[in-house]
Amino acid sequence: MARSRVNMMATNACAFDIRIRCFCNVGRLDLADILIRCFCNVGRLDLAFAAFGLFLRTGWRVQNVVLNQLIKGLCDGKRTGDAMDMVFRRMPELGYTPDVFSYNALIKGLCAEKKSQEALELLLHMTANGGYNCSPDVVSYNIVIDGLFKEGEVDKAYFLFHEMPGQGFPPDLVTYSSVIDGLCKAQAMDKAEASLQQMLYKGVMPNTRPYNSLIHGYCSLGQLVEAVRLLKKMSGGGLQLNVVTYNMLIDYYCKIGRCAEARSIFDSMVRRGQKPNATTYCSLLHGYATKGALVDMHDLLDLMIRDEMRQNGLRPNLVS
DNA sequence: ATAGGGTTAG
């Protein structure tokens with residue numbers, strides 16, 4: 001729903017109220033659900049809760065998914081405390097039972113607020129059936145592992161990753177991707193490589209993401225030979241370099257001052273049908289600017305503007 | 001369209 005439409009409804013509380021009541025009266029609760037989701041998506045939690053309040057007063061029971069949308073909305077608005085209150089107090093009061101989506105939204109909210117330790121405790125309580133009557137799933141683990149890595153709690157994250165199989169949750173593609181990325185950022189390249197081998201051995205087929213993490217790790221360490229080895233391994237596995245792979249390589253060559261090579265990677269990327277994005281142009285332009293290669297810069301800007309006019313996608317103001 | 005992972009610049 002367009003923001004303007006939401007705002008219009010906000011400024012016309014009466015019409016809004018009538019519309020909600022209409023949805024209820026004709027039994028189209030699904031439409032009302034959609035309305036609440038829209039309010040959450042555009043960050044108008046006030047309206048979402050107003051609609052929810054009307055439901056409650058009208059006596060309609062909504063599906064759990066509606067409450068989960070509200071929980072997610074609170075978390076997106078950095079109001080994890082309120083979201084916790086919703087899950088642990090309000091929902092039971094209203095006769096709703098939080099499900100794994102409710103808890104995962106909370107776990108994600110906690111991690112987003114850099115409280116992955118609390119998220120971990122919540123996960124462990126769920127695992128131990130600490131009165132929540134809801135088991136975690138592989139997604140719960142994935143969120144916490146990623147949060148721990150991003151907060152630098154590498155050991156804890158790695159430990160939790162190893163706990164998963166014993167709890168009945170074999171790591172999946174997303175788990176391995178997070179673990180490999182976290183280990184690469186911690187410069188634990190050997191462990192990251194071992195994790196890639198493990199996922200191949202377990203039959204979890206990698207896509208470009210874990211390879212990109214490894215390539216980025218080696219580029220950051222200045223180990224181009226290793227990065228190229230991974231590129232070959234990736235191609236050998238039938239995977240094509242995507243825009244992110246190319247962006248990392250272009251950025252690497254620009255950063256070590258070899259803009260001509262960065263440009264030839266850019267050209268081969270275009271030849272192979274991969275569309276450069278704003279990041280691509282940013283890296284290359286930054287490289288040219290650092291070298292003072294104003295002519296190259298100007299040419300690339302020209303190319304970029306022509307590209308922009310052709311597909312109407314990029315915003316040139318990103319680099320102005 | 002109920003949940004999870006990778007790149008740049010500032």
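Side chains are part of it too, since the values below use all heavy atoms of this structure and drop only hydrogens, waters and symmetry mates. So you know, we letter chains A, B, ... as the sequences are listed, proteins then strands, and number each from 1.
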>> Checking contacts here: which listed nucleotide (B/dT7, B/dG6, B/dG5) is nearest the side-chain heavy atoms of A/Asn242?
In response: B/dG6
>> At 4.0 Å (heavy atoms only), tell me whether A/Asn68 reaches a base, stays on the sugar-phosphate, or touches nothing.
In response: base
> Checking all strands, does A/Leu173 fall into the base, sugar-phosphate, or nothing category for heavy-atom contacts under 4.0 angstrom?
Replying inline: base
>> Could you check whether the side chain of A/Ser177 and the base of B/dG5 have a donor-acceptor pair of N or O atoms closer than 3.5 Å, going by distance alone?
In response: yes
>> Output the rounded distance in Å from CD1 (A/Ile180) to P (B/dT7).
In response: 13 Å
>> Among B/dA3, B/dG5, B/dT7, which nucleotide has an atom closest to any side-chain atom of A/Val139?
In response: B/dA3
> If the P atom of B/dG5 is compared with that of B/dA1, how far apart are they to the nearest Å?
Replying inline: 14 Å
>> Do A/Asn277 and A/Thr280 pair up side chain to side chain, a donor and an acceptor below 3.5 Å, judged on atom types alone?
In response: yes
> B/dT7, B/dG5, B/dT8: which one has an atom nearest the side-chain heavy atoms of A/Lys255?
Replying inline: B/dT8
> What is the distance from atom OG of A/Ser283 to atom CZ of A/Phe266, rounded to the nearest 0.5 Å?
Replying inline: 11.0 Å
>> Please report the interatomic distance CG(A/Leu239) to OH(A/Tyr211), rounded to the nearest 0.5 Å.
In response: 6.5 Å
> A/Ile71 has an atom CD1; how far is it from atom P of B/dA3, in whole Å?
Replying inline: 13 Å
>> So if I take every side-chain heavy atom of A/Pro210 and compare against B/dG5, B/dT8, B/dA3, which nucleotide ends up nearest?
In response: B/dG5
> What is the nucleic acid contact for A/Thr208, judged by heavy atoms within less than 4.0 Å: base, sugar-phosphate only, or nothing?
Replying inline: base
> Does A/Asn207 make a side-chain donor-acceptor contact with the base of B/dG5, cut-off 3.5 Å?
Replying inline: yes
>> Rounded to whole Å, how long is the line connecting atom CE of A/Met234 with atom P of B/dT7?
In response: 14 Å
> Which listed nucleotide (B/dG10, B/dG5, B/dA3) is nearest to the side chain of A/His286?
Replying inline: B/dG10
> Mind checking whether A/Val174 and A/Val100 sit in one hydrophobic cluster, side chains of I, L, V, M, F, W, Y counted as touching below 4.5 Å?
Replying inline: no
>> To the closest 0.5 Å, what do you measure between CG (A/Asn247) and CG (A/Asp251)?
In response: 8.5 Å
> What nucleotide among B/dG5, B/dT8, B/dT2 has an atom nearest to a side-chain atom of A/Arg209?
Replying inline: B/dG5
>> Nearest to the side chain of A/Asn212, heavy atoms from C-beta on, is which of B/dG5, B/dG6, B/dA3?
In response: B/dG6
> So what does A/Asn64 touch, heavy atoms closer than 4.0 Å: a base, only the sugar-phosphate, or nothing?
Replying inline: nothing
> For the side chain of A/Lys185, counting heavy atoms from C-beta on, which of B/dG6, B/dA3, B/dT8 is nearest?
Replying inline: B/dG6
> When the distance from CE of A/Met126 to C1' of B/dA3 is rounded to whole Å, what number comes out?
Replying inline: 11 Å
> Side-chain donor-acceptor pair under 3.5 Å between A/Tyr176 and A/Gln198, yes or no?
Replying inline: yes
> Which nucleotide in the list B/dA1, B/dA3, B/dT7 gets nearest to the side chain of A/Arg37?
Replying inline: B/dA1
> Rounding to a whole Å, what distance do you find between A/Leu241:CG and B/dT7:P?
Replying inline: 16 Å
> Given atom CG of A/Leu67 and atom C1' of B/dA3, what is their separation to the nearest angstrom?
Replying inline: 16 Å
> Among the nucleotides B/dG5, B/dA3, B/dT8, which one has an atom lying closest to any side-chain atom of A/Asp137?
Replying inline: B/dA3
